[in-house]
Amino acid sequence: MKKNKITIVLATTIAVSLSFLFSCTSEINKDEEIISSKYRLDEFSKKTSLTNFAANHAIYNISLSILEANKYKVITESYDLSTVNKTLKNNYFITLTKNSVALETNVNGKFYKFIKNDIKNEASFQVKDQVFLLDDLFFQSISKEDDDVLNKLVSIFIELYDNNATRLNSNATKKVANLIAGKSVSSCLKFESALGATATASKLRASLDAKEYISDGNSDCTAIGSDTSCAIDSHVCVTTVTMACSSSCSWWN
């Protein structure tokens, strides 16, 4: 009789444990489905009214196509920064998993990927086969080349997912992108953009970069405003300082 009681207690314990396990698994799966669904872009339409973050990379148009259920191709149109009046098309790919969203590209044969993992509550940056956690230490050691690529990836991510970011109208977007690509003092407009693990860190870096630019033979430039986005839950933020370098910028206001 005692053995039967032990068997019953053991069976009850196992049943309760399994029930708890299935309940937890169900909750996790539910959370993962919510995370995945909030990054879906099935209803995305072509964008020509963009933020300063994208315009800073001379981007004036973003379109998207669905490759499969959880994968998208993002196409940006921009002015070539090395040749005035030449335009470029660049491809980026977004992949959704149950717990993360990743935006990747290739630049001169070098693979880059920005990953936002909501389950782990972290963001990372992959360069070739190496993956780096985005924190203060990383931003202090990142190379100029990799920083430029990550800045562009984050800027595109903001265009796709930050509905609260301030956007220029379509005409202004194209004009700003063209001015940025022109690299001319007479173009009047200049951006300094910087990344950081927090809004404060990105604002400080961008402000210091703008001051350095002004003191480096560009005293006719004046900072007239800045924009910050932490669309990635403050794991990485970007700030763009806008500078006017002549009175011809009156259209901006």
Side-chain angles (χ1 to χ4, degrees), residues 49-60 62 76 78-82 84 107 114 123 125 134-159 162 164-169 171-253:
S49 295
L50 306 180
T51 68
N52 287 343
F53 308 114
N56 180 50
H57 296 283
I59 297 172
Y60 61 86
I62 295 179
T76 64
S78 61
Y79 291 105
D80 190 343
L81 294 175
S82 60
V84 179
V107 179
F114 167 74
F125 183 46
L134 295 182
D135 55 19
D136 286 325
L137 184 61
F138 171 78
F139 287 112
Q140 292 172 19
S141 60
I142 187 172
S143 70
K144 176 68 167 62
E145 178 187 17
D146 293 346
D147 185 80
D148 288 344
V149 175
L150 178 57
N151 193 308
K152 186 176 286 188
L153 287 173
V154 172
S155 296
I156 292 170
F157 189 94
I158 289 169
E159 294 297 342
D162 188 352
N164 296 318
T166 302
R167 288 178 164 79
L168 306 168
N169 63 44
N171 290 335
T173 296
K174 199 160 187 177
K175 186 170 184 178
V176 169
N178 194 13
L179 291 174
I180 292 299
K183 295 183 176 180
S184 169
V185 175
S186 62
S187 69
C188 96
L189 195 64
K190 171 67 179 174
F191 289 145
E192 283 294 344
S193 182
L195 296 167
T198 63
T200 300
S202 69
K203 287 177 182 177
L204 178 60
R205 288 186 66 197
S207 176
L208 291 174
D209 288 347
K211 288 178 181 178
E212 182 179 349
Y213 179 82
I214 291 171
S215 63
D216 188 23
N218 298 289
S219 58
D220 64 320
C221 295
T222 304
I224 58 173
S226 66
D227 297 281
T228 300
S229 175
C230 295
I232 306 125
D233 304 327
S234 294
H235 295 302
V236 56
C237 300
V238 59
T239 294
T240 296
V241 175
T242 304
M243 291 178 285
C245 299
S246 77
S247 59
S248 60
C249 279
S250 58
W251 65 271
W252 174 264
N253 300 319

In this structure, OG of Ser49 is separated from CG of Asn171 (nearest 0.5 Å) by 8.5 Å
Sorted by chain and residue number, the salt bridge (charged side-chain N to carboxylate O under 4.0 Å, His left out) partners of Asp135 (sequence neighbours excluded) come out as none
For Val238 and Phe53 the tightest heavy-atom approach is O-CE2, 3.6 Å
Would the distance check show the side chain of Ser141 and the main-chain N or O of Leu137 forming a donor-acceptor pair, the cut-off being under 3.5 Å?
yes
Do Arg205 side-chain atoms and Thr239 backbone N/O form a donor-acceptor pair below 3.5 Å? no
- Task: Kindly indicate, with the supporting measurements, whether the criterion side-chain contact (heavy atoms from CB on, under 4.5 Å) is fulfilled by Tyr79 and Ile180.
- Result: CA-CA 9 Å; Tyr79 291 105; Ile180 292 299; over 6 Å; no
_Main-chain N/O of Thr240 paired with Asn52 side-chain donor or acceptor, under 3.5 Å_ = no
Closest non-hydrogen contact found for Ala172 with Leu168 is CB-CB, 4.0 Å
In terms of heavy-atom contacts, Phe139 and Gly196 come closest through CE1-C, 3.6 Å
Closest non-hydrogen contact found for Asp220 with Cys245 is OD2-O, 2.7 Å
In terms of heavy-atom contacts, Cys237 and Ser202 come closest through O-CB, 3.5 Å
When rounded to the nearest 0.5 Å, the distance separating OG1 of Thr228 from CD1 of Ile158 is 9.5 Å
Answer yes or no: is there a donor N or O on one side and an acceptor on the other, between the side chain of Asn218 and the main chain of Asp216, under 3.5 Å?
yes
Of all heavy-atom pairs linking Val241 and Ala210, the shortest is CG1-CB, 3.9 Å
Exercise. Would you call Lys211 and Glu192 a salt bridge, using N to O less than 4.0 angstrom?
Worked result: no
Heavy atoms, side chains only, cut-off 4.5 Å: are Leu189 and Thr242 in contact?
-> yes
Checklist line | Tyr60 side chain reached by Asn178 side chain, heavy atoms, under 4.5 Å | finding: no
TODO: Applying side-chain contact (heavy atoms from CB on, under 4.5 Å), run through Val176 and Phe191 and close with a yes or a no.
DONE: CA-CA 10 Å; Val176 169; Phe191 289 145; 3.6 Å; yes
To the nearest 0.5 Å, atom CD1 of Ile156 lies from atom CD of Glu159 at 8.5 Å
Using atom types as modelled, flag every donor-acceptor pair under 3.5 Å from a side chain in residues 143-151 to any protein atom, sequence neighbours excluded.
from: Ser143; atom 1: OG; to: Asp146; atom 2: N; distance (Å): 3.2
from: Ser143; atom 1: OG; to: Asp146; atom 2: OD2; distance (Å): 3.3
from: Lys144; atom 1: NZ; to: Asp148; atom 2: OD1; distance (Å): 3.2
from: Lys144; atom 1: NZ; to: Asp148; atom 2: OD2; distance (Å): 2.8
from: Asp146; atom 1: OD1; to: Lys110; atom 2: NZ; distance (Å): 3.3
from: Asp146; atom 1: OD1; to: Tyr112; atom 2: OH; distance (Å): 2.8
from: Asn151; atom 1: OD1; to: His57; atom 2: NE2; distance (Å): 3.0
from: Asn151; atom 1: OD1; to: Ser155; atom 2: OG; distance (Å): 3.3
from: Asn151; atom 1: ND2; to: Ser193; atom 2: OG; distance (Å): 3.1

Dump the intermediate steps for side-chain contact (heavy atoms from CB on, under 4.5 Å) on Lys190 and Tyr213, then the final yes or no.
CA-CA 10 Å; Lys190 171 67 179 174; Tyr213 179 82; 3.7 Å; yes
Between the CD1 atom in Ile214 and the CE atom in Met243, the distance rounded to the nearest 0.5 Å is 5.5 Å
dist Ile62:CD1 -> Thr76:OG1 (nearest 0.5 Å) comes out at 7.0 Å
Taken to the nearest 0.5 Å, the spacing of Leu195 CG from Ile142 CD1 works out to 7.0 Å
Please step through side-chain contact (heavy atoms from CB on, under 4.5 Å) for the pair Leu134 and His235, ending with a clear verdict. CA-CA 7 Å; Leu134 295 182; His235 295 302; 5.6 Å; no
